[in-house]
Amino acid sequence: MKINLGQNLRELRNKENITQEQLAELLDVSPQAVSRWENEAAFPDISFLPVIANYFNVTTDYLLGVDTVHKQKNIDKVIEEDKKLRSEGKTRESVEFLREKAKEFPSCHIILHRLACSLFSFYHQSGKKFSAEETRVMGEEAAELCKRALKYCDKNDQLFISQCKQTLALNYVELGEKERAEEIADTLPSLWCSREMVHPKTVTGKEALKEHQNNLTTLIDAVIITMGRIKSCENYTDGQLLELSLVREKLILMLAGKNPCWLNERLFNLALIRAKIYFKNGEGEKLKEVLKKLSEYAKNYEERREGSGYGVFWLSECRENLDCSTKHSPESLY
């Protein structure tokens, strides 16, 4: 069993942006002692280990690098269990589960970010009503989790960093801190400079085709979401909202074909907009028609095969990303 205390101590100290001298002063030892620990020319007294671990908010096992493979297997199990909770729409349970696991793995950036995302979904997207104070407390907790995740992640993992920054920015938006959100948003790559636009150019054949097709489904979803955000910018009439809903529906069906896979959830929510308007305006026949569509979209979403394929040839190599698309969504249960 290899102990990696020196390397881990150096990485933790650099993440906290403190010098060997500052750490030595904290521990009441000489800077030369800290240097020897980091170079593994010597090891600290065992009594220092919990002090150092507590200071950096990690476990002593993490500090020593003990049983890294076993630890990673346990982290993988946590992520799989959380995916299962999310797939069943159990957002509250996901938050409670990950809070406990974050205590066990306080420096695991993936668990910290997943907890931030679950908290964000719980207080913002789940439709539950919370007081302003409850929302603020949960939002601040999610923000701190994102900051910790960014501190502990691999600085070369630009995809994770961008995802975590996005979560943090959106969280600040919900907290009403638009300036802080804008500062973070300005550090993210633009659409035209993104990985999705460039990476497919670096591969060929089926691999390039698959990447282009996956990008297309991502762009479809981005367009649908953006059009949804447009409707919240002005006080549109019922007729205008109906038109916007129908255009979004037609766009999905035009691009994704007769088997829209996980986009059936989007279709369900679009039909739900129309159902509410028809109900409000007492248009019974139109309401009956759209309710049939609601049932159809929900059924297609919940009962689709694992790894479903699209019907149109331009998406022939594209498959669902089950990490981003789960069955038993709270929005589409029927």
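All values derive from a computational prediction rather than experimental measurement.
Side-chain atoms of T187 come within 3.5 Å of backbone N or O of I184 as a donor-acceptor pair. Using a distance-only test at 3.5 Å, with no hydrogens or angles considered, no donor-acceptor pair links the side chain of N17 to the main chain of N14. Side chain of E40 to main chain of G6: a donor-acceptor pair is present (N/O by atom type, distance under 3.5 Å, no hydrogens or angles). In this structure a side-chain-to-backbone donor-acceptor pair under 3.5 Å is missing from S118 to L115. Checked by atom type and distance alone, the side chain of T167 pairs as donor or acceptor with a backbone atom of Q163 at under 3.5 Å. At distances below 3.5 Å, not a single donor-acceptor pair connects side-chain atoms of K151 with backbone N or O atoms of E16. Between the side chain of S308 and the backbone N or O of R305 there is at least one donor-acceptor pair closer than 3.5 Å. Here the side chain of N171 pairs a donor or acceptor atom with the backbone of G139 at under 3.5 angstrom. Judged purely by atom type and a 3.5 angstrom limit, D45 uses its side chain to pair as donor or acceptor with the backbone of S47. R10 places a side-chain N or O within 3.5 Å of a backbone atom of E38 that can act as its donor or acceptor partner.
By the salt bridge (charged side-chain N to carboxylate O under 4.0 Å, His left out) test, R195 pairs with no residue at all, sequence neighbours left out. Listed by chain and residue number, nothing satisfies the ring pair (Phe, Tyr, Trp, His ring centres under 6.0 Å) test with Y278 (two or more places apart in sequence, or in another chain).
Inter-residue side-chain proximity for N57 and N54 is flagged as unmet; no heavy-atom pair is nearer than 4.5 Å. Annotation: side chain of V95 is in contact with side chain of R99 (closest heavy-atom distance under 4.5 Å). Inter-residue side-chain proximity for W37 and L27 is flagged as met; some heavy-atom pair is nearer than 4.5 Å. Contact check for F56 versus N8: no side-chain heavy atoms found under the 4.5 Å cut-off. In this structure the side chain of C117 reaches within 4.5 angstrom of the side chain of R86, judged on heavy atoms. Side chains of L272 and L294 form a contact here, defined as non-hydrogen atoms less than 4.5 Å apart. Between E100 and E96 there is no side-chain heavy-atom pair separated by less than 4.5 Å. Using a 4.5 Å cut-off on side-chain heavy atoms (C-beta onward), L63 and L12 make contact.
The stretch residues 213-236 participates, sequence neighbours left out, in these side-chain hydrogen bond (donor to acceptor under 3.5 Å, both in side chains) pairs: D221-R266. Within the structure, salt bridge (charged side-chain N to carboxylate O under 4.0 Å, His left out) pairs that include any residue of residues 153-165 do not occur (at least two apart or interchain).
More than 12 non-hydrogen atoms from other residues, nucleotides or ligands lie less than 6.0 angstrom from CD of E134. Counted within 6.0 Å of NZ on K147, heavy atoms from surrounding residues, nucleotides or ligands total more than 12; the atom is thus considered enclosed. Within 6.0 Å of atom CD in E21, more than 12 heavy atoms from other residues, nucleotides or ligands are found, so the atom counts as buried in its surroundings. Within a 6.0 Å radius of NZ in K210, other residues, nucleotides and ligands contribute 12 heavy atoms or fewer. At most 12 heavy atoms of other shown residues, nucleotides or ligands fall within 6.0 angstrom of atom CD1 in I46.
By the 4.0 Å N-to-carboxylate-O rule, K286 lies too far from E289 to be salt-bridged with it. With respect to the salt-bridge test (charged N to carboxylate O, under 4.0 angstrom), the residues K83 and E80 qualify. For R180 and E183, the salt-bridge test fails: no basic side-chain N is under 4.0 Å from an acidic carboxylate O. Taking 4.0 Å as the cut-off between side-chain N and carboxylate O, E104 and K101 count as a salt-bridged pair. Between E144 and R148 there is no salt bridge, since none of the side-chain N atoms of the basic residue sits less than 4.0 Å from a carboxylate O of the acidic one.
The two residues F120 and L170 have their closest heavy-atom pair at CE1-O, 3.7 Å.
With values rounded to the nearest 0.5 angstrom, R304 atom CZ is found 10.0 Å from W262 atom CH2.
Using the six-membered ring where Trp is involved, H113 and F160 have ring planes that are perpendicular, over 60° apart on the 30 and 60° scheme.
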Practice prompt. Step by step, work out the side-chain hydrogen bond (donor to acceptor under 3.5 Å, both in side chains) result for N269 and E265.
Written response: CA-CA 6 Å; N269 288 322; E265 183 185 12; 4.6 Å; no
Listed pairs under 3.5 Å, donor-acceptor, residues 241-249 side chains, sequence neighbours left out:
{"from": "S245", "atom 1": "OG", "to": "L270", "atom 2": "O", "distance (Å)": "2.9"}
{"from": "S245", "atom 1": "OG", "to": "R274", "atom 2": "NH1", "distance (Å)": "2.9"}
{"from": "R248", "atom 1": "NE", "to": "I224", "atom 2": "O", "distance (Å)": "3.2"}
{"from": "R248", "atom 1": "NH2", "to": "I224", "atom 2": "O", "distance (Å)": "3.0"}
{"from": "E249", "atom 1": "OE1", "to": "K293", "atom 2": "NZ", "distance (Å)": "3.4"}
{"from": "E249", "atom 1": "OE2", "to": "R274", "atom 2": "NH2", "distance (Å)": "2.9"}
{"from": "E249", "atom 1": "OE2", "to": "Y297", "atom 2": "OH", "distance (Å)": "3.0"}

Show me the donor-acceptor pairs within less than 3.5 Å that the side chains of residues 202-209 make with the rest of the protein, sequence neighbours left out.
{"from": "T202", "atom 1": "OG1", "to": "H199", "atom 2": "O", "distance (Å)": "2.6"}
{"from": "K206", "atom 1": "NZ", "to": "E317", "atom 2": "OE2", "distance (Å)": "2.9"}

